[in-house]
Amino acid sequence: MDKPWDHLLIDCHLATLTDNGNAYGAIENGALAWKDGVLTFAGRVQDLPGMPVELADTVESLDDAWVSPGLIDCHTHLVFGGDRAAEFEQRLNGVSYETIARSGGGIVSTVLHTRTASEDALLAQSLPRARALVAEGVSTIEIKSGYGLDLDSESKMLRVARRIGEDLGIGVSTTFLGAHAVPPEFAGRQSDYVDEVCIHMMPAIAANGLADAVDAFCEKIGFTDSETRRVFETARGLGLPVKLHADQLSDLGGVALASEFSALSADHLEYTSVQGVRAMAASGMVAVLLPGAFYALRETRLPPIELLREHGVPMAVATDLNPGTSPLLSLRLAMNMACTLFRLTPEEAVRGATVHAARALRLNDRGALATGLRADVAVWGIRHPAELCYWMGGNPCRALYAGGRRIC
């Protein structure tokens, strides 16, 4: 006789991240079950509708472990060629970024290595970075393009991102970031490059189904608000949602622009004004906090955390994993940094890497432990959920399931 569930976890505590009135949405002495990759029970063990052995094909006792949704890293630049470790060392030895850039370093170096790598080689370089995140409980990763800066290379990056999801059995959300920087062949012709992004690159990317969203870098050293508007208008015409690197180094009104287009998120936000926060609240955007870049760049201006709280803007936390300004391979460390540097509470940081991260990617099927949601489940050898943000180093992840299938 077939049993109603595929898998049942017992002798555990649940950090459901639902709004059940308890911190972390906690259910002590809980049980969690799924069938065909979808959660079918999340509650107290005494409320199970029968004996565990009668309910599931596999019953697993977890010896008082904590169970949470799989973590979600909602902002990464994980796919790229080469690295910039040598530049990191040069800067610490007093060489200026300008000197490094003039000698072929900086983003130009990453673009060159990304363009020249074959798709298989780029996959081989990127998979270890994804595996590092997965090993610490991450079951969904957003991966941006932006280091190819021509159609073939941007498409290659996005195909590699899709292949990472297939190879590792995790969720991958892809974002086209053609408006990341101006490539060398368009030097001095930024407007022409925006034409290239909008007229040739983005329609082809969309036609091939390679992107789930479109991003842009709206900044003095990036793209202007009018150029970003062109990118967003094109994305809207193609039916693609948008998000924005905004207000990291200055306030150019990027958040207000993103709100006009009902952006999924605005990311970085160190210079966001009260008007920007109000615009985010009115449009329902998620604020994605990226403490790794703040730390690596030794920034001193904090995102407006209190204003975001005051206006009820959901705050996500992500690694911003990239070769230049956030070579961060641990979402849990990003969560710790969000607490230590930005003064988030541990619960805010955990929700930022689950519930709010899912919202930032428009993934309504994950991010919490509730019936009907995808069975993305992390098992932790901890005594309290705050430990997910407390420890700097080590790995308490005992098991990770994605869509009900164990992946580590």
Rounding to 0.5 Å, atoms OG1 (T114) and CD1 (I107) come to a distance of 9.0 Å
query: Any side-chain donor-acceptor pair under 3.5 Å between H245 and E219?
result: no
Test side-chain contact (heavy atoms from CB on, under 4.5 Å), reference P69, set V377, V350, L369, output is L369
Notebook entry, point to check: Is the backbone N or O of S145 less than 3.5 Å from a side-chain atom of E154, with the two atoms forming a donor-acceptor pair by type?
Noted result: no
Closest non-hydrogen atoms of V286 and A316, given as atom of the first, atom of the second and distance, are CG1-CB, 3.8 Å
d(F232 CZ, L257 CG) to nearest 0.5 Å is 6.0 Å
**Prompt:** Counting only N and O atoms by type, is there a donor-acceptor contact under 3.5 Å from the side chain of E89 to the main-chain atoms of A85?
**Reply:** no
Take a 6.0 Å sphere around CZ of R309 and say whether it holds more than 12 heavy atoms from other residues, nucleotides or ligands. yes
Examine distances only and state if a side-chain atom of R129 and a backbone atom of F80 form a donor-acceptor pair shorter than 3.5 Å. yes
dist R115:CZ -> T110:OG1 (nearest 0.5 Å) comes out at 12.0 Å
Any side-chain heavy atom of I170 within less than 4.5 Å of one from V138?
no
Notebook entry, point to check: In terms of side-chain heavy atoms, does S61 have a donor or acceptor partner in D11 at a distance below 3.5 Å?
Noted result: yes
- request: Take H113 and Y147, measure what ring pair (Phe, Tyr, Trp, His ring centres under 6.0 Å) needs, and give me the verdict at the end.
  value: CA-CA 9 Å; H113 284 95; Y147 291 121; over 10 Å; no
### Message
Using a 3.5 Å distance criterion without hydrogens, assess whether the side chain of E348 forms a donor-acceptor pair with backbone atoms of T345.
### Response
yes
Between T272 and P304 the two heavy atoms that sit nearest each other are O-CG, 3.7 Å
Side-chain (S283) to main-chain (A279) donor-acceptor, under 3.5 angstrom | yes
Taken in chain and number order and not counting sequence neighbours, the residues that satisfy salt bridge (Lys or Arg N to Asp or Glu O under 4.0 Å) with E119 are R159, R163
Is the backbone N or O of R383 less than 3.5 Å from a side-chain atom of W66, with the two atoms forming a donor-acceptor pair by type? yes
Sequence neighbours excluded, the answer for salt bridge (Lys or Arg N to Asp or Glu O under 4.0 Å) partners of R332 is none
Go through the side-chain N and O atoms of H77 and H180 and say whether any donor and acceptor fall under 3.5 Å apart. no
Inset, instruction - Would you check if the side chain of N29 reaches a backbone N or O of C12 as a donor-acceptor pair within less than 3.5 Å? - result: no
Check your understanding: Is it true that a side-chain atom of R44 and a backbone atom of G30 form a donor plus acceptor pair closer than 3.5 Å?
Key -> no
Between D247 and H268, do the side chains contain a donor N or O and an acceptor N or O under 3.5 Å apart? no
Would you kindly say whether S265 and D267 are connected by a side-chain donor-acceptor distance under 3.5 Å?
yes
Report task. Establish, from distance only, whether the side-chain atoms of T40 and W5 form a donor-acceptor pair under 3.5 Å. Result -> yes
task = Report yes if the side chains of R278 and L307 come closer than 4.5 Å at any heavy-atom pair, otherwise no.
result = no
Treating R366 as the side-chain partner and I72 as the backbone partner, does any N or O pair qualify as donor plus acceptor under 3.5 Å? no
| task | Look only at the side chain of N322 and the backbone of D320, and say whether a donor-acceptor pair between them is shorter than 3.5 Å. | result | yes
Open item on the list: Check this for me: does any side-chain nitrogen of one of D212 and K243 sit under 4.0 Å from a carboxylate oxygen of the other?
Closed with: no
